[in-house]
Amino acid sequence: MTAYRFRVKFDPDPTSLWRDIVVGAGRTIAEFQLAINPAVGLDQGHLWFVGEDEDYWDSAVKYQCPQEYEESLGGDPVLRTERIENAGDVTIGEMTRQLGLEQYDRICYLYDYGDEWRFYAILKEVLSDEPNGKEPEIVKEKGESIDAQYASPGTNESGPPLPDPLYSVLPETAVPVAELRELEKRDDVVHVIPLLSLETGFGAVCERFAIQLEDRGYVLENFQPGWQVVEEVDGAGKTEEELLAALADAVREWHAEIAEISGAMTGQYFDEETVEAMHVELEAELERRGYGHL
C-alpha cells in the first residue's frame, strides 16, 4: 500500500507552473506520463524519456517511452553510454528503488526531442495509506498550462493575482521591512516573516518573505516583473503553531530549491552551509516570536 506525490515543475519557469500528482507504486512510468502531459498542456505525439535528477540527456538511466524503446531494440548496446529501460514496463515503485529516491529527490522528464519541453519532479511525499494501483491524480496545481500561458509572445507570465491581503498592499518592487511588518496589525494576518532583507540607502527592504493568514500561508519572492507566490500552505485542520511550522518547512524547502536552481544556472555547487545561511532571518524571526523550537 504505497503511493507517491510528485511535484512536476516546468524547468524554465518552476515557480509559475507546477502540478502535484499522486500515483500508486504499481502504476508504470508511462501511465504517470499520460497524466503529466494533459495537466501541463502538452499533446502525446512525440518521443520522451524520464531520467535521473535534472540530468536530462546526461542521465545515466533513461526510461524511454515504449515506442522509442521498441524501435531501438536493434541498436548496438556497446555504443550506449546509459542504461535504457522501457517506461511501459517499469513501475513507479521500481523506479524509486532503482534510483534510490528519497523525499525531495528529483527525476527529470523531457518531452519532444525537437522542442525539448523540460520538466523535473520532486518526490514530495510517500503515502503509505494509498493503494499501489492508485491512478495518477492531480491534487494541487499552480499556473496556466503551456498551451495557454506560453503559446504566443507577449503573453502575461506574471502569474495569477496575489491573494488578499497582498495584491492591494504590495507594490511591484521590494517592500521596506517596516511597512511589511505593519501588515501584522491587520486582523487577518497572523505573522509576516522577512526572509531576504537588503540594506539600502533608504533602509532595509525585503525581496522575499512569508506571510501567515488565519487559514493559510504563503512564501513570496520578488521576481521580474513583480511579486510571485512560490509556495502556498493550506492551514485546514492545523493550529496556528502547526501552520507556522508547515510554513517554515516550506521556506526551508524553497531555499534548498533556490540553491539547486542557482547551481544549475552557474555550474557551481552550493552545499548545506549555503542553504543554512539563507535560513538565518527565518530562524531569527521564529526565535523572536517564541517559536525557536520549530
Side-chain angles (χ1 to χ4, degrees), residues 1-37 39-40 48-56 58-64 83 85 87-111 117-143 219 230-234 245-264 269-272 275:
M1 298 282 289
T2 305
Y4 302 89
R5 179 165 68 96
F6 287 93
R7 176 157 297 180
V8 180
K9 294 196 166 196
F10 184 42
D11 197 328
D13 196 359
T15 63
S16 293
L17 172 56
W18 52 259
R19 304 286 186 262
D20 275 9
I21 303 178
V22 173
V23 56
R27 293 291 178 171
T28 67
I29 299 172
E31 290 176 302
F32 184 36
Q33 186 271 345
L34 283 172
I36 294 174
N37 277 31
V40 299
W48 56 268
F49 69 82
V50 170
E52 291 183 290
D53 198 48
E54 290 181 65
D55 295 341
Y56 297 102
D58 295 327
S59 178
V61 56
K62 292 187 177 73
Y63 300 94
Q64 290 180 340
R83 189 176 91 247
E85 301 276 357
D89 291 337
V90 180
T91 66
I92 297 297
E94 290 169 339
M95 178 190 70
T96 60
R97 291 191 292 273
Q98 290 173 4
L99 300 182
L101 294 183
E102 297 180 352
Q103 190 177 29
Y104 305 131
D105 286 345
R106 302 181 178 207
I107 57 175
C108 58
Y109 168 53
L110 189 146
Y111 176 75
W117 294 101
R118 296 189 177 208
F119 295 80
Y120 63 87
I122 303 170
L123 177 55
K124 298 281 287 187
E125 189 176 5
V126 180
L127 305 168
S128 58
D129 57 347
E130 292 283 357
N132 289 352
K134 181 178 177 61
E135 294 184 5
E137 178 186 3
I138 311 299
V139 296
K140 193 174 182 181
E141 60 185 288
K142 179 183 178 185
V219 182
V230 296
E231 191 66 63
E232 178 180 349
V233 179
D234 188 357
L247 186 59
D249 285 342
V251 169
R252 295 183 184 105
E253 185 178 331
W254 173 237
H255 286 166
E257 190 167 339
I258 290 172
E260 290 198 25
I261 294 172
S262 299
Y269 171 72
F270 297 100
D271 57 18
E272 292 184 5
V275 178

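FYI, side chains are in, hydrogens and waters are out, and symmetry mates aren't considered; it's all heavy atoms of this structure. Bear in mind that the values here come from a model prediction, so they are computed numbers and not experimental data. One-based numbering along the sequence shown.
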Leu101 backbone acceptor or donor facing Thr96 side chain under 3.5 Å
no
Would you check if the side chain of Ser59 reaches a backbone N or O of Lys62 as a donor-acceptor pair within less than 3.5 Å?
no
Looking at Thr28 and Gly88, what are the two nearest heavy atoms and their distance?
CG2-O, 3.5 Å
Might you point out which heavy atoms bring Pro14 and Glu257 nearest each other, and give the distance in Å?
CB-OE2, 4.4 Å
Look only at the side chain of Arg106 and the backbone of Ile122, and say whether a donor-acceptor pair between them is shorter than 3.5 Å.
no
For the student: nearest non-hydrogen atoms of Val219 and Ala250, plus distance
CG2-CB, 4.3 Å
Relative to the ring of Tyr109, is the ring of Trp48 parallel (under 30°), tilted (30 to 60°) or perpendicular (over 60°)?
perpendicular
For the atom pair CD1 (Ile29) and CD (Gln64), what is the distance rounded to the nearest 0.5 Å?
11.5 Å
Taking the side chain as C-beta and beyond, is there a heavy-atom pair between Arg83 and Gln98 under 4.5 Å?
yes
Side-chain contact, heavy-atom cut-off 4.5 Å: Ile21 with Phe32?
yes
Within the 3.5 Å criterion, strictly below it, is a donor on Glu260 or Tyr120 matched to an acceptor on the partner's side chain?
no
Working note: Thr15 + Trp254, criterion side chain to side chain contact (heavy atoms under 4.5 Å, CB included); need CA distance, chi angles, decisive distance, verdict.
CA-CA 10 Å; Thr15 63; Trp254 173 237; 3.3 Å; yes
Atom pair NZ/NZ of Lys124 and Lys140 - distance to nearest 0.5 Å:
7.5 Å
I want to check something: taking the side chain as every heavy atom from C-beta on, are Glu31 and Val23 in contact at a cut-off of under 4.5 Å?
no
What's the spacing between Gln33 CD and Arg27 CZ if we round to 0.5 Å?
14.5 Å
State whether the side chain of Asp20 and the backbone N or O of Glu141 hold a donor-acceptor pair below 3.5 Å, judged by distance alone.
no
Can you tell if the side chain of Leu127 reaches within under 4.5 Å of the side chain of Lys134, non-hydrogen atoms only?
no
Check against side-chain hydrogen bond (donor to acceptor under 3.5 Å, both in side chains), Tyr63 and Glu94
CA-CA 12 Å; Tyr63 300 94; Glu94 290 169 339; over 6 Å; no
Rounding to 0.5 Å, atoms CD1 (Ile138) and CD1 (Ile36) come to a distance of 8.0 Å
Could you grab the distance from atom CD of Glu102 to atom CG of Leu123, nearest 0.5 Å is fine?
9.5 Å
For Ala35 and Pro136, which heavy atoms make the closest approach, and how far apart are they?
CB-CB, 3.4 Å
What are the two closest heavy atoms between Glu54 and Asp11, and how far apart are they?
OE1-OD2, 3.9 Å
Look at atom CD of Glu135 and say whether more than 12 heavy atoms of other residues, nucleotides or ligands are closer to it than 6.0 Å.
no
Testing the basics here: between Val22 and Ala3, what is the closest heavy-atom pair and its distance to 0.1 Å?
CG1-CB, 4.1 Å
Determine, step by step, whether Arg7 and Glu253 satisfy the salt bridge (Lys or Arg N to Asp or Glu O under 4.0 Å) criterion, reporting the C-alpha distance in whole Å, the side-chain angles of both residues, the deciding distance to 0.1 Å, and the verdict.
CA-CA 13 Å; Arg7 176 157 297 180; Glu253 185 178 331; 5.5 Å; no
I need the Ile92 CD1 to Thr2 OG1 distance, nearest 0.5 Å.
12.5 Å
